[in-house]
Novice: 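This is the structure I want to talk about, given as structure tokens.
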Amino acid sequence: MRLVLILTTLSLLCLASNGAIPSRLLQRISHSSNFLTTEELWFNQTVDHFSPLDHSKFPQRYYEFTDYFRLPDGPIFLKICGEASCDGIPNDYISVLAKKFGAAVVSLEHRYYGKSSPFRSLRTENLKYLSSKQALFDLAVFRQYYQESLNVKVNRSNVENPWFVFGVSYAGALSAWFRLKFPHLTCGSLASSAVVLAIYNFTEFDRQIGESAGAECKAVLQEVNGLVEQRLASDGNAVKSLFGAASLKIDADFLYLLADAAVTAFQYGNPDMLCSPLVQAKKDGEDLVNAYATYVKEYYLGTFGVSIETYNQQHLKRTNSAGDTSDRLWWFQVCTEVAFFQVAPSKDSMRPSEINTKYHLDLCKNVFGDGIYPDVDATNIYYGGTKIAGSKIIFTNGSQDPWRHASKLTSTPDMPSFLISCHNCGHGTDLRGCPQSPLSPEGDAKNCSSPDAVHKVRQQIIEHIDLWLSQCQATGRSYM
């Protein structure tokens, strides 16, 4: 999917976003019962952290949840919001952890997304301060601001609570990178489905979809792709209308929509919702294109809530900051920092060959102008990719999640990596449970095909958080 990470009206977390990652299928929950809090708070953030001359500020939105906080010296959990509007602190597994450790939970909206934009116009020139580097500094400045504010509230000075950082997807990468770049500001981090490796041509993404689908479903999906391409060549308007996507004038945009629709089922723990009806339609001799169109319209565009406009390049060119701007913003980060171009492999692909490197580069140029391209080498040099030289970072991934191939999958003594293996274990399973969308309150794992696999990794997470927090507290510092 495009990380990352598409915003739905049902949406899950400031997962991001999104993304990315979900890709861009990051979600925000519309029901307040799925949040620990939705009360907006604000503070003034620096626009450009790297300029010695420009000290301009913009209002940045954040949230705090203190129901379980053990005053005055309990830990503070910083839940990072990613590439999506951050509308509150989701009631996922972090609420269980906060209760267990007596922690406050705070969450900062990512710059430019939601209500935290420095500019009214999102023209390309104004997006120059939209980057992971600036976002990390935002988190560091906010962390200091919140700590100092807490000290004032409890009438003390020069005291540090132990901090721990959490994130999923792109926000998971930010969580790992925050510990890497600001180790003095946190005791550790949980990097769930963290896409720490920028990848130019991300063919492994497509291969994982085929593996997660299984032989039977994979074959049917590949047959659907072939049939759609045939109809697209003979009567493009008719087949686009069948999927409710007649507004997509660029054929590859339409094909990207169809590819993402399939990805969603595996990325977010709903594989049977896609595969069962398609395989049955094949057995019954039904029209496979019609069967897939039903899934796309009823689930992807319906229940999941994705908008067709997400795939419309004219929509991506819109520069007004009003309304949902996440699609344009995340594509800018894709086109400048991380790429994650989900191109079709040369053999045995799950997506049409039209979704190639040229398609992505042309999109970047069409939407943002000449000279915009992702410098993934610079990103990986700066952060280290999967060779990240950090410490006290927990990496977790779901076995069916295609984004895991951009994460750190091997354990080292101070950076353990856990793979949660089950039929519907996808993006952010450790915090979200199963399915990963819609939200399961408190990240309930009872609907995972192997709840024990989730519980086992969660116990490892608890043990590492407990150890690293205790090491901080033993030294009287907020970090180790």
Side-chain angles (χ1 to χ4, degrees), residues 36-37 39 41-46 49 57 60-81 86 89 94-111 132-167 171-172 174-192 388-394 414-416 461-480:
L36 297 176
T37 181
E39 182 180 352
L41 300 169
W42 299 86
F43 89 114
N44 288 324
Q45 183 63 268
T46 302
H49 295 288
K57 304 285 186 179
Q60 193 165 21
R61 183 167 59 160
Y62 73 95
Y63 304 88
E64 67 173 353
F65 178 75
T66 57
D67 286 15
Y68 306 138
F69 188 38
R70 187 184 66 247
L71 279 168
D73 59 351
I76 300 174
F77 290 171
L78 174 56
K79 177 71 178 291
I80 300 176
C81 282
C86 188
I89 300 176
I94 199 169
S95 65
V96 178
L97 294 173
K99 184 182 296 185
K100 178 176 180 60
F101 288 101
V105 184
V106 294
S107 193
L108 180 70
E109 184 166 61
H110 195 294
R111 60 169 49 211
S132 60
K133 300 178 184 69
Q134 295 280 5
L136 288 172
F137 248 101
D138 286 348
L139 292 165
V141 171
F142 169 73
R143 182 255 188 238
Q144 297 298 84
Y145 161 82
Y146 190 83
Q147 181 66 70
E148 291 169 5
S149 299
L150 176 62
N151 286 347
V152 170
K153 288 180 183 178
V154 297
N155 194 28
R156 65 183 186 184
S157 60
N158 299 319
V159 176
E160 294 277 321
N161 291 71
W163 285 69
F164 208 95
V165 184
F166 297 78
L174 291 176
S175 179
W177 295 337
F178 186 83
R179 172 64 190 175
L180 172 71
K181 296 299 182 180
F182 300 98
H184 56 294
L185 297 182
T186 180
C187 302
S189 79
L190 174 64
S192 175
I388 179 172
S391 65
K392 293 182 168 59
I393 304 170
I394 307 165
D414 220 16
M415 288 190 292
I461 291 172
I462 289 171
E463 290 175 5
H464 281 88
I465 293 175
D466 190 32
L467 173 62
W468 296 341
L469 286 178
S470 66
Q471 289 175 342
C472 278
Q473 291 164 334
T475 60
R477 294 185 291 177
S478 63
Y479 65 94
M480 275 298 293

Novice: Going by side chain to side chain contact (heavy atoms under 4.5 Å, CB included), name the residues that satisfy it together with K133, two or more places apart in sequence or in a different chain.
Specialist: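 Applying side chain to side chain contact (heavy atoms under 4.5 Å, CB included) to K133 gives F50, S131, E337, Y382, Y383.
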Novice: Mind checking side chain to side chain contact (heavy atoms under 4.5 Å, CB included) for A103 and listing every partner two or more places apart, or none if nothing turns up?
Specialist: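 Only P75, F77, A98 meet the side chain to side chain contact (heavy atoms under 4.5 Å, CB included) criterion with A103.
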Novice: Applying ring pair (Phe, Tyr, Trp, His ring centres under 6.0 Å), can you list everything that pairs with F101, at least two apart in sequence or on another chain?
Specialist: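 Partners of F101 under the ring pair (Phe, Tyr, Trp, His ring centres under 6.0 Å) test: none.
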Novice: Just wondering, do L185 and F178 contact through their side chains at under 4.5 Å, heavy atoms?
Specialist: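 Yes. Closest side-chain heavy atoms under 4.5 Å.
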Novice: Could you check whether any side-chain heavy atom of Y63 comes within less than 4.5 Å of a side-chain heavy atom of V105, counting everything from C-beta outward?
Specialist: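 Not in contact.
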Novice: Rounded to the nearest 0.5 Å, what separates atom CZ in R111 from atom CD in Q134?
Specialist: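 With rounding to 0.5 Å, CZ (R111) is 4.5 Å from CD (Q134).
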Novice: Tell me every residue that passes ring pair (Phe, Tyr, Trp, His ring centres under 6.0 Å) with F43, counting only those two or more places apart in sequence or in another chain.
Specialist: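 If we apply the ring pair (Phe, Tyr, Trp, His ring centres under 6.0 Å) test to F43, skipping adjacent residues, the hits are F142, Y145.
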Novice: Using side-chain hydrogen bond (donor to acceptor under 3.5 Å, both in side chains) as the criterion, list what pairs up with K57, not counting sequence neighbours.
Specialist: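 Partners of K57 by the side-chain hydrogen bond (donor to acceptor under 3.5 Å, both in side chains) criterion, ordered by chain and then number, come out as T46.
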Novice: With sequence neighbours excluded, give me every salt bridge (charged side-chain N to carboxylate O under 4.0 Å, His left out) pair touching residues 69-78.
Specialist: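 Of all non-adjacent pairs touching residues 69-78, those that pass salt bridge (charged side-chain N to carboxylate O under 4.0 Å, His left out) are R70-D73.
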Novice: So how far is it from Y62 OH to C81 SG, rounded to the nearest 0.5 Å?
Specialist: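 Rounded to the nearest 0.5 Å, the OH-SG separation comes out at 14.0 Å.
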Novice: Would you name the heavy atoms of I393 and P416 that are closest together and state the gap between them?
Specialist: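 The answer is O-CD, 3.4 Å.
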Novice: If we only count heavy atoms from C-beta on, is the Q144 to V141 side-chain gap below 4.5 Å?
Specialist: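 Answer no - side chains too far apart.
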Novice: For R61, enumerate each residue passing the salt bridge (charged side-chain N to carboxylate O under 4.0 Å, His left out) test, keeping only those at least two apart in sequence or located in another chain.
Specialist: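 Counting only residues at least two positions away or on another chain, R61 forms a salt bridge (charged side-chain N to carboxylate O under 4.0 Å, His left out) with E40, D87, E109.
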Novice: Look only at the side chain of S107 and the backbone of K79, and say whether a donor-acceptor pair between them is shorter than 3.5 Å.
Specialist: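 It does hold such a pair.
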Novice: Please enumerate all residues that pass side chain to side chain contact (heavy atoms under 4.5 Å, CB included) together with L467, with sequence neighbours excluded.
Specialist: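 L467 satisfies side chain to side chain contact (heavy atoms under 4.5 Å, CB included) with S470, Q471 once adjacent residues are dropped.
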Novice: Could you verify whether a donor N or O on one side chain and an acceptor N or O on the other, from H49 and D138, lie under 3.5 Å apart?
Specialist: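 Yes, side-chain donor-acceptor contact under 3.5 Å.
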Novice: Sequence neighbours left out, what passes side-chain hydrogen bond (donor to acceptor under 3.5 Å, both in side chains) with R156? Give chain and number order.
Specialist: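 Here the qualifying residues are N151, N161.
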Novice: Who are the side chain to side chain contact (heavy atoms under 4.5 Å, CB included) partners of S175, not counting sequence neighbours?
Specialist: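 Scan of S175 (side chain to side chain contact (heavy atoms under 4.5 Å, CB included), adjacent residues dropped) gives I80, V165, S189.
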Novice: With a 4.5 Å heavy-atom cut-off, do F166 and I465 have their side chains touching?
Specialist: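 Answer yes - side chains close enough.
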Novice: Taking all heavy atoms of V159 and all of Q147, pick out the closest pair and write down the distance.
Specialist: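 Shortest heavy-atom separation between V159 and Q147 comes out as O-NE2, 3.3 Å.
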Novice: Tell me every residue that passes side-chain hydrogen bond (donor to acceptor under 3.5 Å, both in side chains) with Y146, counting only those two or more places apart in sequence or in another chain.
Specialist: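 Testing Y146 for side-chain hydrogen bond (donor to acceptor under 3.5 Å, both in side chains), a comparison that skips the adjacent residues, returns E64.
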Novice: Hey, could you give me the CG/CG distance between L139 and L78, rounded to the nearest 0.5 Å?
Specialist: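 L139 CG to L78 CG: 5.5 Å, rounded to 0.5 Å.
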Novice: With sequence neighbours left out, what residues match T66 under side-chain hydrogen bond (donor to acceptor under 3.5 Å, both in side chains)?
Specialist: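 Not a single residue meets the side-chain hydrogen bond (donor to acceptor under 3.5 Å, both in side chains) criterion with T66.
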Novice: Could you tell me the separation between the CH2 atom of W163 and the NE2 atom of H184, rounded to the nearest 0.5 Å?
Specialist: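 Interatomic distance, W163 CH2 to H184 NE2, rounded to 0.5 Å: 13.0 Å.
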Novice: Return the minimal non-hydrogen interatomic distance between P162 and Q473, and the atom names on each side.
Specialist: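 Between these two residues, the closest heavy atoms are CG-NE2, 3.7 Å.
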Novice: Using 0.5 Å steps for rounding, measure from the CE atom of M415 to the CD1 atom of I394.
Specialist: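 The distance works out to 12.0 Å.
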Novice: Looking at OG1 of T186 and CD1 of I76, how far apart are the two atoms once the value is rounded to the nearest 0.5 Å?
Specialist: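 It is 10.5 Å, given to the nearest 0.5 Å.
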